[in-house]
There are 2 protein chains.
Amino acid sequence: MSEILNISEAEWEVMRVVWASGESTSQQIALVLNGKRGWSQSTVKTLIGRLTSKGYLQARKDARRFVYTTHLKEPESLKLEVEGLLSRICSRKIPNLLAYLVEKTPMVAEDQAMLMEVLRNKQVVAEVPCDCYPGQCTCHLHASGTILSNHSYEENTYEN
Amino acid sequence: MSEILNISEAEWEVMRVVWASGESTSQQIALVLNGKRGWSQSTVKTLIGRLTSKGYLQARKDARRFVYTTHLKEPESLKLEVEGLLSRICSRKIPNLLAYLVEKTPMVAEDQAMLMEVLRNKQVVAEVPCDCYPGQCTCHLHASGTILSNHSYEENTYEN
DNA sequence: GTTTATAGTTTACAACTGTAAACGATACGC
DNA sequence: GCGTATCGTTTACAGTTGTAAACTATAAAC
């Protein structure tokens with residue numbers, strides 16, 4: 001439920017195993033990550049320990065070992081990460097980035113139809129405000145109180 | 001042109017200033033980031049130094065100061081970052097994440113139309129292969145050689 | 001009951017990050 | 001010409017991350 005995630009790249013690998021299996025022992029996790037990344041059991045245990053103290057994993061004692069679970073959900077986590085990234089560019093440029101992603105993401109017809117539907121139902125606004133701090137975006141060079149329409153893709157920088 | 005970016009969060013703030021202005025002195029950068037993040041000139045100079053040694057900024061001497069520019073382009077950089085993030089989940093789930101992003105991104109009618117167009121022209125495939133390492137995804141629990149259609153959103157986890 | 005395997009905890013350590021003070025060079029003002 | 005403002009460079013230092021060995025506890029095996 002926390003708004004900011006503190007899961008490092010390596011820790012994410014551990015989370016993925018727990019997300020996929022619902023619950024795992026350190027041994028199971030180590031097995032997967034030894035295969036995928038060549039990590040030793042020690043390494044995996046360190047990562048589990050860090051995730052546990054950060055509160056992202058819960059440990060339930062089962063006989064002599066712990067079984068790890070998580071309350072955090074994978075889709076939520078990725079949404080937070082992606083939103084964090086998108087906050088690095090001007091809001092006005094995000095639609096172009098999305099266009100790029102739609103183009104390059106392999107999908108089946110159902111995906112395409114679903115996205116169409118989402119798009120069709122999308123409420124649009126008259127203007128997307130530039131949310132950049134002055135000096136970190138060129139929007140303010142053009143705008144000056146008047147409404148600008150499609151400024152953000154005069155240079156369609158996110159298309160490939 | 002490098003495939004993997006090594007620009008930290010704080011360094012990204014510096015890059016944004018250079019991207020926005022085309023070229024900047026350390027003073028200009030420090031001014032913006034002192035305003036936005038409260039950073040001292042020292043801090044900004046350290047970041048500039050690191051970006052320069054990493055090769056992301058170029059310094060051209062102009063009279064007694066340096067003017068910093070970059071060859072790296074902002075859209076390319078963000079694409080790389082986003083693609084890195086997307087590689088953290090199963091390919092099959094990406095369209096649902098995109099649906100979520102389309103829903104939550106504010107956009108004007110032109111954006112909507114452009115995305116529609118991109119979608120309409122999109123080449124779809126018969127099946128999106130699961131690219132996960134075994135144990136990090138549930139796809140392989142279902143598949144076993146046969147073609148699966150819309151498995152990836154049986155639980156439409158990326159819609160909100 | 002003593003060895004052995006297995007699980008978890010502690011310690012380690014280098015690289016990278018965030019944040020900044022201190023230091024050194026150099027040009028400008030007077 | 002000499003102080004002073006301004007750059008850039010060096011040094012600092014704590015926190016996070018990647019990666020793992022060493023140590024400890026405890027249960028299973030015989």
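Just so you know, these numbers come straight off a predicted model, no measurement behind them. Hydrogens, waters and symmetry mates are skipped; everything else that's a heavy atom, side chains included, is used. Every chain is numbered from 1, with letters handed out A, B, ... down the list of sequences.
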In terms of side-chain heavy atoms, does [X] have a donor or acceptor partner in [Y] at a distance below 3.5 Å?
X: B:Gln136; Y: A:Glu13; result: yes
X: A:Thr46; Y: A:Thr43; result: no
X: A:Tyr100; Y: B:Glu83; result: yes

Expressed as a whole number of angstroms, how long is the span from [X]:[atom1] to [N]:[atom2]?
X: B:Arg60; N: D:dC7; atom1: CZ; atom2: P; value: 16 Å
X: A:Glu13; N: D:dT17; atom1: CD; atom2: C1'; value: 14 Å
X: A:Asp62; N: D:dT26; atom1: CG; atom2: P; value: 17 Å

Requested in this report: Take A:Glu74 and B:Ile89 through the side-chain contact (heavy atoms from CB on, under 4.5 Å) test and state the conclusion after the steps.
Outcome: CA-CA 9 Å; A:Glu74 188 195 36; B:Ile89 58 168; 3.8 Å; yes
**Report entry** CA sep, side-chain torsions, deciding dist, call: B:Glu11, B:Lys54, side-chain contact (heavy atoms from CB on, under 4.5 Å)
**Finding:** CA-CA 11 Å; B:Glu11 288 163 359; B:Lys54 288 182 187 175; 2.9 Å; yes
Report summary line: The bend of the helix from C:dG1-D:dC30 to C:dC30-D:dG1, taken between the axes of its five terminal pairs at each end and rounded to 10°, is 10°
Report task. Using a 4.5 Å cut-off on heavy atoms from C-beta on, say whether the side chain of A:Val14 contacts that of A:Leu57. Result -> yes
Report task. If a pair satisfies ring-ring contact (aromatic ring centres under 6.0 Å, His included) and one of its residues is in residues 3-37 of chain B, list it, with sequence neighbours excluded. Result -> B:Trp12-B:Trp19
Report summary line: One should read off an interatomic distance between B:Thr52 OG1 and B:Phe66 CZ, to the nearest 0.5 angstrom, of 9.0 Å
Query raised in the report: Reading nucleotides 1-18 of chain C from the 5' end, what letters show protein touch, with B for base, S for backbone sugar-phosphate only, - for no heavy atom under 4.0 Å?
Result: ------SBB--B----BB
